Amino acid sequence: MKLETMLAHHGEDRATYHGAVVPPLFQNSLFTFESWEGIDAAFDDRANAYIYSRGGNPTVRLAEEKIASLAGGERALLFGSGMAAISAALMHVLEPGDHVVAVKNIYGPTNNFLNVYLRRKMHIETTFVSGEDVQEFEAALTSKTKLIYLESPSSAVFSLQDIEAVAVLASANHIRTIIDNSWATPIFQKPLAMGIDLEVHSCSKYLAGHSDLVAGVVIGRERDITDIATCEFELLGGKMAPFEAWLLIRSLRTLPLRMRQHQENALHVARFLEQHAKIRRVHYPGLESHPQYDLGRKQMTGYSGLLSFELATQDLTQIKRFVNSLKLFHIGVSWGGHESLIYAPAISYLKELPLERFSALGLSVSHMRISVGLENAEDLIADLRQSLEMLK
Ligand SMILES: Cc1ncc(COP(=O)(O)O)c(C=O)c1O
């Protein structure tokens, strides 16, 4: 089955639910058994049996099967948030005293989890690299390195890592690899096929796509995912609610369509911004001007709708006027939904980071991140144009 057909039909057996066109929502906390032997057998197969919904639920499982198939993984495990999935994947791989090499522009809370939480609680050290050159990863390896953590394209400035080359380096050194693939989604990028061990996502972004749920997923080989399911997943309890899985199943049916439209709209918007006199620079891997455009073409088949740009002015009053004058781009932190959003990293980062660390991430007060939604691209451009005209 091709992707679109698989997302519509995979794992669905209408005969078992009266021909209903939408699979049922199993909104229950536990499952009962006819006999001692029945529950005894279920305990022998904890990773697959349905006993209690913290461990597994048929609605959640159906969404997991579709996502595993979409990403080309043997198995997927859904969590209550992207951070629950990412922290479980990290704790699965790491032991006290290990060393990690990670990309410096990864999602902020992932950076904090590695650099603050795991460092303090488990004496795990992380070396951060820009990730733009494979030699940087190689130079950062130590005898204790257990994991290389990627996010390509990375948050904020959308720089890429050569995924295949990093996977080769890692496997030659018996090092595990994890990638956050939330930006490209498995529609445009398939890291597992490039040799990465575990793929993680914030499903709250494109996979769900309607800004009505928060969820996360880890995808990989059966052995890894089963270990996570019976350990970090069940013990820490970060499970996904069946209702949210049911919404996610709905969302997955339109994922290929939505991604195509996000890409088309974002390319339009990015090209408009790139030629505008009041814009200094646009960061979008889909533009020929992106410094790693060729690498993007090699490892992705398309581009999503999240991009950033720098206004030419550094005057904060002017910058605020620009943001506040937008009518269709609403101000908000997330991305990947149907709606267009704008966010200035300075709003949160300058509360949490000293100015030098903020600048070291390649950011400034004039940096704007936009999530290009599914509205008409001409309307979005008109909105940006009228707001840019407010700038002196
Ligand atoms: C790249 C990336 N990864 C992970 C996450 C965390 O996902 P969640 O908010 O679902 O916990 C986010 C959230 O914004 C993100 O942008």
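When a ligand or atom number is given, it counts from 1 through the structure's own listing order. Just so you know, these numbers come straight off a predicted model, no measurement behind them.
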List the atom pairs, with distances to 0.1 Å, where a side-chain N or O of residues 238-250 and a protein N or O form a donor-acceptor pair under 3.5 Å, not counting sequence neighbours.
unit_1, atom_1, unit_2, atom_2, d
Trp246, NE1, Pro23, O, 3.0
Arg250, NE, Leu247, O, 3.1
Arg250, NH1, Asp212, OD2, 3.2
Arg250, NH2, Asp212, OD1, 3.3
Arg250, NH2, Asp212, OD2, 3.3

- Message: Using side-chain hydrogen bond (donor to acceptor under 3.5 Å, both in side chains), reason through Gln292 and Ser159 one step at a time and then give a plain yes or no.
- Response: CA-CA 7 Å; Gln292 295 166 296; Ser159 60; 4.8 Å; no
- Test side-chain hydrogen bond (donor to acceptor under 3.5 Å, both in side chains) applied to Glu375 and His338, step by step: CA-CA 8 Å; Glu375 303 92 332; His338 57 87; over 6 Å; no
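Between Phe233 and Phe79, the ring-plane angle classifies as perpendicular under the 30° and 60° cut-offs. Classification of the Phe322-Phe309 ring pair by plane angle, with boundaries at 30° and 60°, yields perpendicular.
Distances below 4.0 Å separate heavy atoms of Trp335 from the following atoms of ligand 1: 1 (C), 16 (O). Applying the 4.0 Å criterion to heavy atoms of Ser204 picks out, from ligand 1, the atoms 8 (P), 10 (O). Each of the following atoms of ligand 1 lies closer than 4.0 Å to a heavy atom of Ser81: 10 (O), 11 (O). Listed by number with element, the atoms of ligand 1 under 4.0 angstrom from any heavy atom of Ala215 are 10 (O). The distance from ligand 1 to the heavy atoms of Ile86 drops below 4.0 Å at these ligand atoms: 4 (C). Within ligand 1, counting atoms from 1 as listed, the ones closer than 4.0 Å to a heavy atom of Glu151 are 1 (C).
From the protein, the heavy atom lying nearest to atom 6 (C) of ligand 1 is Tyr107 CE2, 3.4 Å. Distance from atom 2 (C) of ligand 1 to its nearest protein heavy atom, with residue and atom name: Asp180 OD2, 3.5 Å. Here the protein heavy atom with the shortest distance to atom 8 (P) of ligand 1 is Gly82 N, 3.4 Å.
Applying the side-chain hydrogen bond (donor to acceptor under 3.5 Å, both in side chains) test to pairs two or more places apart or on separate chains, those with a residue in residues 35-45 are Asp45-Asn48.
Both Leu94 and Ile86 sit in one connected hydrophobic cluster of ILVMFWY residues. Membership requires side-chain heavy atoms under 4.5 Å apart, directly or through other members.
Within the 4.0 Å heavy-atom cutoff, Trp183 does not count among the residues contacting ligand 1.
Among the atoms of Met83, some N or O lies under 3.5 angstrom from an N or O of ligand 1. Annotation: Ser202 places an N or O atom under 3.5 Å from an N or O atom of ligand 1; distance criterion only.
At a heavy-atom cutoff of 4.0 Å, ligand 1 is contacted by the side chain of Lys205 but not by its backbone. Within the 4.0 Å heavy-atom criterion, neither part of Ser334 lies near ligand 1.
Glu222 has a carboxylate O that lies under 4.0 Å from a charged side-chain N of Arg75, or vice versa, which qualifies the two as a salt bridge.
For the residue pair Gln189/Thr185, the side-chain donor-acceptor check at 3.5 Å is not satisfied.
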